[in-house]
There are 2 protein chains.
Amino acid sequence: MNDIKQFLRSNALRPTKQRIVIAGYLFDGTDKHVTAESLSTELAKRKHIISLATIYNTLHDFYENGLLKKLTLSADRVYFDTNTDDHHHFYSEKEQFLIDINKNIKVNGLPKTPKNKKINKIEVIVHLDK
Amino acid sequence: MNDIKQFLRSNALRPTKQRIVIAGYLFDGTDKHVTAESLSTELAKRKHIISLATIYNTLHDFYENGLLKKLTLSADRVYFDTNTDDHHHFYSEKEQFLIDINKNIKVNGLPKTPKNKKINKIEVIVHLDK
DNA sequence: TATCAGTTTAGAATGATTCTAAAGTGTTGA
DNA sequence: TCAACACTTTAGAATCATTCTAAACTGATA
Ligand SMILES: [Mn+2]
Ligand SMILES: [Mn+2]
Ligand SMILES: [Zn+2]
Ligand SMILES: [Zn+2]
């Protein structure tokens, strides 16, 4: 808890009650993939009612500080990923199934990068099911 | 134009005025990536005013019939792709930049597929810029 | 402890997409 | 040919994730 406060401070984030609760949940050592909605639900189960606006604000604050990654897998919700290492995913849209691929993946046979652009990130999504 | 009618009929789609215009634009031989909005704009330039509802309906009809692929690259718009071959993309969120990678890409080092699931598709997105 | 910038929040607004239901049209069998 | 009907189009309303607004609140600082 004091760890969490320090953690937030060290990221230039004021350790408010809400951020402490959210960070405590997100960074408990288990990698997680959350949406604003799923996070709200999880916190509510733990009797922590935090407004959706704050949940959005906080997810974005954390994201902007590099504490979370953002995943665009579906058109109608944004996932945030507590695993900030370079990694890839198994994903099932139907089942809302999302699993990290932490193994080192190599993508071979890429054509040359378009003129005047540079590669920021290579993302591999392994879609499961039909 | 009669080709287009036949094309639509052969896909169990009634060749209405609107679908003929849309198919005529989409399947002109050039691969395209469109959103409902961008398609509407392009058609309007060509003096074809078609309601957005119909544009959405038609994109989905074409998609359901395998004439288009759907791409989820950004949380706030869906792209449809006239290139229905297996392929990948260069993508720049900032510049709305989207280019096909038709070369054969190989993804090596995947861990084993989760129990009782099977791989539907492997998608590689090469994000450009920061 | 006063002050103030930073934060939270309810509720309104936004915007892509979907839905509704009424009017229009392509197809077809007689 | 054409009536009949299933399929399609459309305006406008609804949905829903997300963002915005502006007022109340709170952590940091001296
Ligand atoms: Mn949506
Ligand atoms: Mn949106
Ligand atoms: Zn992940
Ligand atoms: Zn493509």
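The structure displayed is predicted, hence computed values, not measured ones. The sequence lines fix the lettering, A, B, ..., with proteins before strands; numbering per chain opens at 1.
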Exercise. Which pairs with one or both residues in residues 104-115 of chain B pass side-chain hydrogen bond (donor to acceptor under 3.5 Å, both in side chains), sequence neighbours excluded?
Worked result: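 As it turns out, there is no side-chain hydrogen bond (donor to acceptor under 3.5 Å, both in side chains) pair with a partner in residues 104-115 of chain B once direct neighbours are skipped.
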Would you tabulate the nitrogen or oxygen pairs shorter than 3.5 Å linking the protein to nucleotides 28-30 of chain C?
none

Round to the nearest Å and state the distance from [X] atom [atom1] to [N] atom [atom2].
{"X": "B:Gln6", "N": "C:dG26", "atom1": "CD", "atom2": "P", "answer": "15 Å"}
{"X": "A:Lys5", "N": "C:dT7", "atom1": "NZ", "atom2": "C1'", "answer": "15 Å"}
{"X": "B:Ile55", "N": "C:dT17", "atom1": "CD1", "atom2": "P", "answer": "12 Å"}
{"X": "B:Leu39", "N": "C:dT17", "atom1": "CG", "atom2": "P", "answer": "12 Å"}
{"X": "B:His48", "N": "D:dT10", "atom1": "NE2", "atom2": "P", "answer": "12 Å"}
{"X": "A:Asn11", "N": "C:dT7", "atom1": "CG", "atom2": "P", "answer": "13 Å"}
{"X": "B:Asp76", "N": "D:dC16", "atom1": "CG", "atom2": "P", "answer": "18 Å"}
{"X": "B:Leu43", "N": "D:dT10", "atom1": "CG", "atom2": "P", "answer": "11 Å"}

Exercise. Quick one: salt bridge (charged side-chain N to carboxylate O under 4.0 Å, His left out) partners of B:Asp31, sequence neighbours excluded?
Worked result: none
For this session: Go through the structure and list residues passing salt bridge (charged side-chain N to carboxylate O under 4.0 Å, His left out) with A:Glu42, not counting sequence neighbours.
Result: A:Lys45, A:Arg46
For this session: For DNA chain C, determine which residues of residues 56-65 of chain B have any heavy atom closer than 4.0 angstrom to one of its atoms, and list them numerically.
Result: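 Residues of residues 56-65 of chain B that come under 4.0 Å of DNA chain C are, in numerical order, B:Tyr56, B:His60.
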Exercise. Where the side chain of A:Ala53 is defined as all heavy atoms beyond and including C-beta, which of D:dT10, C:dT9, C:dT17 is the nearest nucleotide?
Worked result: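 So the nucleotide nearest the side chain must be C:dT9.
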Problem set entry | Candidate nucleotides C:dT8, D:dT18, C:dT17, ranked by approach to the side chain of B:Val78 - the nearest |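 Of all the options, the side chain of B:Val78 is nearest to C:dT17.
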Can you tell me if the side-chain N/O atoms of [X] get under 4.0 Å from OP1 or OP2 in [N]?
{"X": "B:Ser51", "N": "D:dT10", "result": "yes"}
{"X": "B:Arg77", "N": "C:dT17", "result": "no"}
{"X": "B:Gln18", "N": "D:dT10", "result": "yes"}

Exercise. Considering the options A:Thr82, A:Leu13, A:Thr84, A:Asn11, which one meets the side chain to side chain contact (heavy atoms under 4.5 Å, CB included) requirement together with A:Phe62?
Worked result: A:Leu13
Problem set entry | B:Ile101, B:Ile105, B:Asp81 screened by side chain to side chain contact (heavy atoms under 4.5 Å, CB included) with B:His87, the one that passes | B:Asp81
Exercise. Considering the terminal five base pairs at each end of the helix from C:dT1-D:dA30 to C:dA30-D:dT1, what angle separates the two local helix axes, rounded to 10°?
Worked result: 30°
Problem set entry | From CA spacing to verdict: side chain to side chain donor-acceptor pair (under 3.5 Å), A:Ser38, A:Thr41 | CA-CA 5 Å; A:Ser38 78; A:Thr41 301; over 6 Å; no
Problem set entry | Residues clustered with A:Ile49, ILVMFWY side-chain links under 4.5 angstrom |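 When side chains under 4.5 Å apart are linked, A:Ile49 ends up in no cluster with other residues.
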For this session: For the pair B:Thr58 (side chain) and B:Thr54 (backbone), establish whether a donor and an acceptor sit closer than 3.5 Å, ignoring hydrogens and angles.
Result: yes
Seminar exercise, completed: Those residues at least two apart in sequence (or on a different chain) that pass side-chain contact (heavy atoms from CB on, under 4.5 Å) with A:Leu39 are A:Ile22, A:Tyr25, A:Leu26, A:Val34, A:Leu43, A:Ile55, A:Leu59
Problem set entry | Under 4.0 Å protein heavy-atom contacts per nucleotide of nucleotides 22-30 of chain D, with B for base, S for backbone only and - for none | ----BBS--
Exercise. 5'-most contact on DNA chain C: B:Leu52 or A:Ile49, nearest heavy atom basis?
Worked result: A:Ile49
Problem set entry | Contacts of type ring-ring contact (aromatic ring centres under 6.0 Å, His included), residue B:His60, not counting sequence neighbours | B:Phe80
Problem set entry | Non-neighbouring partners of A:His33 that pass ring-ring contact (aromatic ring centres under 6.0 Å, His included), sequence neighbours left out | A:His89
Exercise. By side-chain hydrogen bond (donor to acceptor under 3.5 Å, both in side chains), which residues pair with B:Glu93, not counting sequence neighbours?
Worked result: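 Scan of B:Glu93 (side-chain hydrogen bond (donor to acceptor under 3.5 Å, both in side chains), adjacent residues dropped) gives none.
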Exercise. Just wondering, do B:Leu128 and A:Asn120 contact through their side chains at under 4.5 Å, heavy atoms?
Worked result: no
For this session: Flag the pair A:Asp129 / A:Phe97 as yes when at least one side-chain heavy-atom distance between them is below 4.5 Å, and no otherwise.
Result: no
